[in-house]
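When a ligand or atom number is given, it counts from 1 through the structure's own listing order.
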Amino acid sequence: MSSGDKREEEDNDRFPDGALRLRNPHISEMEQDILYHLALGSGSHDLQEMFSDVRFVCMGGTPKRMEQFAYYIMDEIGYKLPAGTTLLDISFQSYRYSMYKVGPVLCFSHGMGIPSVGILLHEVIKLMYHAKCRDPIFFRLGTCGGIGIEGGNLVISESAVDGLLQPYLELPVLGQMQRRPAVLDRQLAHDLKNLRREDDPFTVTVGKTMCTYDFYEGQGRLDGAFCDYTEEDKLAFLRKIHAENVVNMEMESLCFAALCHHAGVRGAVVCVTLLNRLHGDQVSTPKEVLNKWQEYPQMLVARYIKKALGLPVAVPQRSHPQVVKCPRQAQMVRQQSASFE
Ligand SMILES: O=P(O)(O)O[C@@H]1C[C@H](O)[C@@H](CO)O1
Ligand SMILES: O=c1cc[nH]c(=O)[nH]1
């Protein structure tokens, strides 16, 4: 599809003010829509009042990473929590995903793998629709295995493929295989790449991402509980996909790309490599170093958000206060939304 066709399709996916149209006629006919895994609902919460100012949706595997990102982006955009309040996990009652709102930025953990990120994306896309958010941009801030790239460097996905190099998400629906193209926004990928600075401790590569259904055999590792192939078989496969411009492997990009594209949402996947898979399988780098590396995708995405908000892009500062889970969800979100200048 040409970029012109894509733009036309996106225009049909939005109302003139940029709010998302939903490609599901049933939702508007329902009395209320329960976003079960977020512990939110269109009947129980005023989603427009709580979330209509959201412009950026950032997600990654673990609750801790996304909590840290929430505090980091708070510092970066100069967002102030009201006196006496703390950042809350808005979805704490779901015990599934975590969710933090920092002014125009919504942060989620998505767990591991396509089923987990897929359920989250359905509910977040519906949340954007109910809240009438305008032109939201989605980011996945992840970790991955590099192919020919050493640990501690960034990969921005230009597109995603499955373990057979197929560029679409397959899902059996009503007994038929449904295919959705895993397309990512190339302009967004290149804008992000251009935010790398000379003094950054990481390189940034734009390339294809292989998204697998498993971390061990699915990614050709020799160190799972089972393995029926040799090291030579593994290396031959990794070299073959590298020759096809696959530069990393992870477990969510295919679904993220397919659902963002189908919803008409601009999306980017920025992952830090934890190792170079051409050199091994085990993630043996010390935890403190891995934690530092996980901040790299956040640095790039924070720069993008700051630039989009018209803020000067300065050297990032970090602080990690304690998160307190608070039951007064809607009231706190309202207060937090109101305090962003
Ligand atoms: O965002 P994360 O770090 O969870 O992404 C990758 C893919 C899998 O979810 C997980 C495997 O360790 O890491
Ligand atoms: O090798 C890796 C590292 C992180 N995440 C993956 O899916 N694979």
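For the pair Gly61 and ligand 1, the shortest N or O to N or O distance falls below 3.5 Å. When only interatomic distances are considered, the shortest N/O to N/O separation between Glu250 and ligand 1 does not fall below 3.5 Å. For ligand 1, the polar-atom distance check finds an N/O of Arg140 within less than 3.5 Å of one of the ligand's N/O atoms.
Of all protein heavy atoms, the one closest to atom 8 (C) of ligand 1 is Glu252 OE2, 3.5 Å. With respect to atom 13 (O) of ligand 1, the closest heavy atom belonging to the protein is Thr143 OG1, 3.2 Å. For atom 10 (C) of ligand 1, the closest non-hydrogen atom on the protein side is Met112 SD, 3.9 Å. Nearest to atom 11 (C) of ligand 1 among the protein's heavy atoms is Phe215 CD1, 3.7 Å.
Linking Ile, Leu, Val, Met, Phe, Trp and Tyr whenever their side-chain heavy atoms come within less than 4.5 Å puts Ile156 and Leu188 in one cluster.
The protein residues lying under 4.0 angstrom from ligand 2, judged by non-hydrogen atoms, are Thr143, Cys144, Gly145, Phe215, Gln219, Arg221, Met249, Glu250, Met251, Leu274, Leu275.
Closest heavy-atom contact between Leu20 and Tyr129: O-CD1, 3.3 Å.
Arg180 and His261 share no donor-acceptor pair across their side chains, judged by distance under 3.5 Å alone. Using modelled atom types, one finds a donor on one side chain and an acceptor on the other under 3.5 Å when comparing Asn153 with Thr203.
Within the 4.5 Å cutoff, side-chain heavy atoms of Tyr296 are placed close to those of Pro201.
A salt bridge links Glu67 to Lys64: one of the charged nitrogens lies within less than 4.0 Å of a carboxylate oxygen. Using a 4.0 Å cut-off between charged side-chain N and carboxylate O, Lys307 and Asp191 make no salt bridge. A salt bridge does not link Asp162 to Arg179: none of the charged side-chain nitrogens sits closer than 4.0 Å to a carboxylate oxygen.
In this structure, the side chain of Arg221 engages the main chain of Asp281 through a donor-acceptor pair within 3.5 Å.
Atoms of ligand 1 found under 4.0 Å from any heavy atom of Gly142, numbered from 1 in the order shown, are 1 (O).
Taking only non-hydrogen atoms, the option from Arg65, Gln294, Met66, Met251 nearest to atom 2 (P) of ligand 1 is Arg65.
Using a 30° and 60° split on the angle between ring planes, Tyr304 and Phe56 fall in the perpendicular class, above 60°.
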